[in-house]
Amino acid sequence: MTSALPAERWVEEIQDGAYGMKWRVKDVLFQGKSAFQSVEVVETVSHGRMLLIDGLLMTSERDEFVYHEMIAHVPLTLHPAPRRVLVIGGGDGGTVREALKHPTVETVVLVEIDGMVVDAARRFLPGTASALEDKRVEVRIEDGVKYMAAPGEPFDAVLVDSTDPFGAAAPLFGPAFYADVKRRLTAEGLVVAQAENPFYKLDEQRGLLRVVRGAFGSASLYNYHNLTYPGGLWSFAAASKRPRDLSVPDEARVAALQPRLRYYNAGIHRAAFALPEFMKRGLVAD
Ligand code: SPD
């Protein structure tokens, strides 16, 4: 098959020096190096625009809705009336966009350590970043770990939309951070965090669950399908300040959101908490 494209350029994500994925690039829109990491936005042939941080894919226009709907709507349909939401990381704005779909939400605070991510998203990823201009949103460029450790008004939900667990993001997977998250939640509050994937990173998932359980007493993983992250099956970790069944959403609230969503629904919510056997066994091993 011939191609009309002049020269082939590809962007690739290599994991553990052993496997990877690549996408054909039409155009490089942004390349920068901040104090924390490298930041790139490329236009691809098949997946729209993509944001990469340190060479790892963070979001693609083609499937970002799955990740962003699942990080936001699972906790926000469990909380009876979320008013104040905190997003840690998530500088592309996709998680904020989904939180704003809840009519009770009055304030979303986004705490992103790297201003370059927010600037690049505002310029090149309007589908997610335009949510940051909503008057209910406060964008703070600062370290999420320090923000959580400080005193402040509590939140109904904390959504940890982090990069992978190394570099600037590493402390977001640790016990001190989760003790602070619990302290900054209201009595009905919930936390959800990006929790990597079971096929390649089950040990890391087990470690994060142990940390979140240490702070909250109990915690669960729930799964979602991802087209562009390695392994295809990915997870979030969830915990609640008060004991509750995380797998049962408020059906009426879910139904009211439905016309504006593309992935999340009540059946997906319930099923996401049903873990495959290899996960169940691997997550208790120690
Ligand atoms: N390997 C990718 C891990 C997920 C990182 N977060 C994605 C940011 C989307 N808002």
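One-based numbering, in listed order, for ligands and for the atoms of each. Atom set for the values below is all heavy atoms of this structure, side chains included, hydrogens, waters and symmetry mates excluded.
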Exercise. Glu13 to ligand 1: N or O pair under 3.5 Å?
Worked result: no
Seminar exercise, completed: Test side-chain hydrogen bond (donor to acceptor under 3.5 Å, both in side chains), reference His73, set His68, His102, Arg253, output is His102
Exercise. Using heavy atoms and a threshold below 4.0 Å, how should the contact between Pro230 and ligand 1 be classified: side chain, backbone, both, or neither?
Worked result: neither
Exercise. So, the side chain of Thr163 versus the backbone of Ala169: is there a donor-acceptor pair under 3.5 Å, distance only?
Worked result: no
Exercise. Using heavy atoms and a threshold below 4.0 Å, how should the contact between Glu64 and ligand 1 be classified: side chain, backbone, both, or neither?
Worked result: neither
Exercise. Is the gap between the ring centers of Phe199 and Phe278 under 6.0 Å?
Worked result: yes
Exercise. Which heavy atom of the protein is the closest neighbour of atom 6 (N) of ligand 1, given with residue, atom name and distance?
Worked result: Ser162 O, 3.0 Å
For this session: Please state whether the rings of Tyr222 and Phe236 are parallel, tilted or perpendicular, taking 30° and 60° as the class boundaries.
Result: tilted
For this session: Could you tell me which atoms of ligand 1, counted from 1 in the order shown, lie closer than 4.0 angstrom to a heavy atom of Trp234?
Result: 1 (N), 3 (C)
For this session: Do me a favour and list the nearest non-hydrogen protein atom to atom 7 (C) of ligand 1 with residue, atom name and distance?
Result: Tyr229 OH, 3.2 Å
Seminar exercise, completed: Under 4.0 Å from one or more heavy atoms of His68, ligand 1 contributes atoms 9 (C), 10 (N)
Exercise. So which heavy atom in the protein is nearest atom 8 (C) of ligand 1, and how far is it from that ligand atom?
Worked result: Asp161 OD1, 3.1 Å
Exercise. Are Tyr19 and Tyr200 close enough that their ring centers fall under 6.0 Å?
Worked result: yes
Exercise. Given Thr163, Asp92, Thr95, which has its nearest heavy atom closest to atom 10 (N) of ligand 1?
Worked result: Asp92
Exercise. Among Arg136, Glu106, Glu153, which one satisfies side-chain contact (heavy atoms from CB on, under 4.5 Å) with Arg84?
Worked result: Glu153
Problem set entry | Heavy atom of the protein closest to atom 3 (C) of ligand 1 (residue, atom name, distance) | Asp164 OD1, 3.4 Å
Problem set entry | Pair Phe36-Val117, side-chain contact (heavy atoms from CB on, under 4.5 Å): steps then yes or no | CA-CA 10 Å; Phe36 303 100; Val117 175; over 6 Å; no
Exercise. What do we get for Leu56 next to ligand 1 when only non-hydrogen atoms under 4.0 Å count, side chain, backbone, both or neither?
Worked result: neither
Problem set entry | Leu57 neighbourhood, listing ligand 1 atoms whose heavy-atom distance to it stays under 4.0 Å | 1 (N), 2 (C)
Exercise. Parallel under 30°, tilted from 30 to 60°, perpendicular over 60°: which one fits the rings of Tyr147 and Phe155?
Worked result: tilted
